[in-house]
Amino acid sequence: MIEDLRKALDSAELYNEFADLRYVEARSTSVLVRNGVVEQTSRTLTRGIAARVLVDGAWGFYSTSDVRAESAMSALKLAVKMAKAASRGIREKAEVLRDRTFRETVHARVGVDPRQVHIEEKIKVAADFERNIRSVDKRIVSSSVSVRDSSKIEAVINTLGSEVHSESFYVSIFGSATSSEGTLTQNVSDGIASTGGWEAIEKFDTTEKGVQLGTRARDLLSASPPPSGKMNVVMDPSLVGVYIHEAFGHAAEADAVKAGMSVLAGKLGKKVGSEMISVYDDPTIPGAAGSFKFDSEGTRAIKRTIVKGGILEGYLNSLETAAWLKAEPNGAARAMDFSSIPIVRMSNTFVASGDMELEEMFELVKDGVYLIKSYGGYVDPARGQFLFSAQGGYMIRNGRLGESIQNVSMSGMTLEVLEKTIGVGKKVEIEFPGICGKGGQSVAVSSGGPNLAVRDIVVGGRGA
Amino acid sequence: MIEDILELCAYTVKVAERAGATEAEAVARKGRQASVDVERSAIKSSSGGEGIQLALRAYVGKAMGLAFTTRGDREAIEEVVDLAVSLARSNQQDPNYERLPEPGPYQSVEGLYDRELANLEASKLIEMVLEGVRAASSRPDTNVSGGAGLAMEEEAIVNSNGIRAFQETTGIFGVLEVKISAGDDAGIGSDYFGVRSLSKADFVRIGSEAANKAERNLGSKKIESGEYSIVLDQRTTGKTLSSIIGFGADAYTVMLGTSYFKDKLNHLIGAELITMIDNPLHPGGIASGIFDAEGTPRQMTPIVEKGILKTFFSDSYTANKLKIRNTGHASRPDLRSKPHPDLTNTQIGPGDSSLEELVRETRKGLYIYDSGIGPMAGTTVISSMVDFGFLIDNGEIKHPVKNTMLGTTVFDFLKNVDMVSRELLDESGQISPSIRVNRVKVASGA
């Protein structure tokens with residue numbers, strides 16, 4: 001296929017304008033087991049071509065699921081037509097960094113190729129995990145487990161000379177449990193994802209993890225209603241992951257900065273948080289859910305330092321934002337599939353370790369809440385306002401753990417909250433995978449960090 | 001390549017039956033899209049695309065296999081059939097499954113397809129968007145972002161029980177967000193539309209509205225935590241009640257036992273002021289259609305009448321399991337997954353208060369607009385950020401709020417609705433009044 005793309009690109013009349021062509025082929029298998037029933041097994045095969053051009057300073061993009069050799073040329077022509085139409089409405093011409101080219105073929109090396117694992121084995125793993133969740137208590141009214149694996153080939157070529165052919169894998173197992181008693185319903189979830197092979201699923205202990213999840217769902221029924229108001233908070237690594245992804249990571253995506261829609265615009269080299277805080281985004285962590293070798297523009301993905309000692313050090317860049325910022329491209333332009341245009345995205349985002357034990361943080365906070373296990377969240381990067389949710393937690397009373405509390409959310413202003421960090425834990429965990437949505441595109445990411453203690457966070461519960 | 005997608009589906013079902021499927025359903029969607037992105041008050045990019053999607057659900061007894069592809073040629077059909085049938089053979093029997101739906105009479109729905117929109121050139125769309133950007137750029141310090149998109153889609157469904165359905169639709173959406181910077185302060189406002197015909201696409205209106213909202217959003221403050229009444233604008237009311245009632249009245253969550261209304265059919269679930277129907281036959285409605293995602297005829301369905309839950313809305317799977325009527329609510333935004341019930345155009349009945357009265361009669365409250373408040377996934381807990389809201393003090397709207405959250409439960413929320421406006425907002429078939437809800441916990445950073 002890459003030869004067909006190269007031929008199309010070479011023969012297109014682009015007059016020194018930038019263009020790239022992408023071919024993506026993906027296969028996936030998924031199994032969903034709910035309440036003891038295998039509700040769905042599915043296989044998908046998708047493939048298509050995308051052409052992207054920068055003509056007269058405006059971007060044009062066209063995708064098609066028709067992968068015949070002539071389709072690449074046709075898509076290029078239509079992309080040029082789109083760009084020319086768009087160029088009549090631009091104010092300043094977009095540019096891309098033109099002095100970086102990459103030529104490489106990436107073969108994914110995995111222990112067990114998930115495509116070789118029989119569907120019956122995948123069903124068995126899902127069913128075992130689900131049964132173990134449900135076995136804990138009759139008040140677990142519903143439980144479900146999804147097991148998914150996918151393989152992807154992405155070939156990118158551009159007019160700068162880059163030619164990258166990447167193969168990648170993704171496997172995941174997630175479980176969810178809903179417990180109910182009277183008018184109270186609680187929900188918890190847990191799981192893992194990896195860009196490694198099926199061995200990540202084999203290592204997942206479906207008995208231990210299933211019982212843990214079921215127990216958490218059961219125990220929340222007797223937990224107290226969460227408090228409401230401004231209070232001190234200790235977040236576990238999973239919540240820290242969502243916090244740093246939602247509250248900070250999105251604002252550090254340079255397309256938001258360029259668009260003037262980030263609270264971090266104009267703050268490079270300036271203090272943006274407590275000096276205890278350092279933040280990284282690293283797509284090179286082997287096997288992590290958000291890892292990849294090359295992005296969807298064919299740029300090598302490298303570890304990015306976003307904040308060091310409270311100072312904003314850099315942003316996540318595409319070829320366009322790197323040119324605009326006169327910065328190094330760091331391979332952060334990702335496209336969900338062939339029909340999506342690459343946009344700046346995170347990979348594995350985490351807060352670096354500090355020097356405190358968890359118990360010391362409870363003493364530091366004295367009175368507040370310890371929130372555990374994230375549920376996800378969202379952010380308005382323009383205003384820097386975010387919300388994220390915890391599956392549960394504990395009250396902290398007089399420096400010690402108190403009673404457990406139910407599902408609750410917390411909210412804050414990005415820069416204020418980073419300023420208010422008063423303690424950073426010793427042990428970093430970056431094992432909290434998720435699917436991040438932006439601009440209608442969903443990509444796999446992970447996030448994490450150590451435990452963090454923050455003062456004066458708004459917690460939105462329904463209790464007193 | 002089989003160009004006629006109805007024939008493509010019929011052929012796929014035939015091949016699946018030949019391969020051993022006892023029941024089969026093929027769904028195909030073929031279409032074109034175009035979109036425009038706006039950044040820093042100017043056009044950034046224009047995109048387009050075309051493609052086909054084909055999904056097959058094959059059953060061997062009660063075991064199902066699902067396969068999906070982005071191709072429509074005979075080789076791909078053979079591959080999809082092989083994958084789906086072999087998955088079904090390897091799969092366990094699903095005791096909840098009865099059978100795929102039967103054909104029924106379809107009602108016609110006006111305004112689903114607009115030829116003028118289908119033929120719109122990208123350059124014309126860009127001109128329209130720029131008119132909206134100009135309307136939004138009321139001040140020199142204005143930053144407008146957003147975009148527009150249009151889509152033309154053909155959808156066909158054929159199943160082995162005789163369903164053979166086809167519809168063609170168009171749609172266009174626009175969204176503009178305005179940020180006004182004033183020193184360290186920023187005012188954000190946005191507006192949008194989603195319609196099925198070009199004549200209803202009004203970029204100038206959303207541009208002006210977004211600018212007005214951004215201006216009003218300047219000077220936001222944190223407020224005191226405590227108990228407040230909340231007044232929801234019409235859009236927020238529609239989204240919120242659709243979300244809360246939509247989860248609880250969904251036959252699938254009822255079947256799973258996770259619905260908080262599972263034992264509330266024909267019982268009071270909230271204030272008697274609440275009445276809601278679901279109307280997928282609304283002419284030109286953004287969620288309107290002739291048939292649902294399984295080919296079952298669409299129909300108007302009462303959901304809540306004077307606070308009493310009237311219907312669990314369903315698809316064939318849940319209707320058969322719960323032994324209730326199939327209301328034709330199968331939804332399948334992504335053909336990679338099997339259908340699940342979902343609401344279409346929710347239409348909430350009016351009350352007898354005026355919009356003005358809702359605010360004037362509120363002593364300590366929040367006016368919340370352009371937001372959606374819903375329960376945390378799968379729970380009865382509501383713990384939401386106030387994205388856009390104003391403080392109401394003694395019947396008057398004061399300043400915008402920030403860093404503010406509200407907490408309640410779905411039961412308290414519905415029970416504490418005490419005022420409903422008589423003025424309704426109709427947004428492409430989504431119809432809603434404003435409501436007031438009392439006794440909501442509010443937490444803020446002040």
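Throughout, protein chains are lettered first and strands after them, A, B, ... in sequence-line order, and every chain is numbered starting at 1.
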Non-hydrogen atoms of chain A under 4.5 Å away: do they reach the side chain of [X], the backbone, both or neither?
{"X": "B:Q53", "value": "neither"}
{"X": "B:D73", "value": "neither"}
{"X": "B:I126", "value": "side chain"}
{"X": "B:S384", "value": "backbone"}
{"X": "B:T69", "value": "both"}
{"X": "B:V386", "value": "backbone"}

| said: Is A:D66 close to chain B through its backbone or its side chain, or both, or neither, when contacts mean heavy atoms under 4.5 Å? | reply: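 No part of it gets close to chain B.
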| Proximity breakdown for A:I119 and chain B, heavy-atom pairs closer than 4.5 Å |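 Interface part for A:I119: side chain.
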Which of [options] touches chain B most, by non-hydrogen pairs under 4.5 Å:
{"options": "A:S65, A:A85, A:S189", "result": "A:S65"}
{"options": "A:K84, A:E92, A:E120, A:K258", "result": "A:K258"}
{"options": "A:R34, A:M413, A:R52", "result": "A:R34"}
{"options": "A:T44, A:N187, A:T41, A:V38", "result": "A:T41"}

Please round to the nearest 0.5 Å and tell me the distance separating atom [atom1] of [X] and atom [atom2] of [Y].
{"X": "A:R88", "Y": "B:L130", "atom1": "CZ", "atom2": "CG", "value": "10.0 Å"}
{"X": "A:Q40", "Y": "B:H340", "atom1": "CD", "atom2": "NE2", "value": "7.0 Å"}
{"X": "B:L406", "Y": "A:S409", "atom1": "CG", "atom2": "OG", "value": "10.0 Å"}

If you count heavy-atom pairs under 4.5 Å between each of [options] and chain A, which one has the most?
{"options": "B:K402, B:R32, B:K44, B:Q92", "result": "B:K44"}
{"options": "B:V36, B:L83, B:V442, B:N91", "result": "B:N91"}
{"options": "B:S45, B:A42, B:S35", "result": "B:S45"}

Answer whether the closest heavy-atom distance between the side chains of [X] and [Y] falls below 4.5 Å.
{"X": "A:M261", "Y": "B:N143", "value": "yes"}
{"X": "A:Q385", "Y": "B:S220", "value": "no"}
{"X": "A:Y62", "Y": "B:E50", "value": "yes"}
{"X": "A:Q406", "Y": "B:T379", "value": "no"}

| said: Ignoring hydrogens, what is the shortest heavy-atom contact between A:G260 and B:K179? Give both atom names and the distance. | reply: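 Closest approach of A:G260 to B:K179: O-NZ, 3.3 Å.
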| request: Salt-bridge test for B:E79 and A:R43: reply yes if a basic N is under 4.0 Å from a carboxylate O, no otherwise. | output: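 Answer for the salt bridge query: no.
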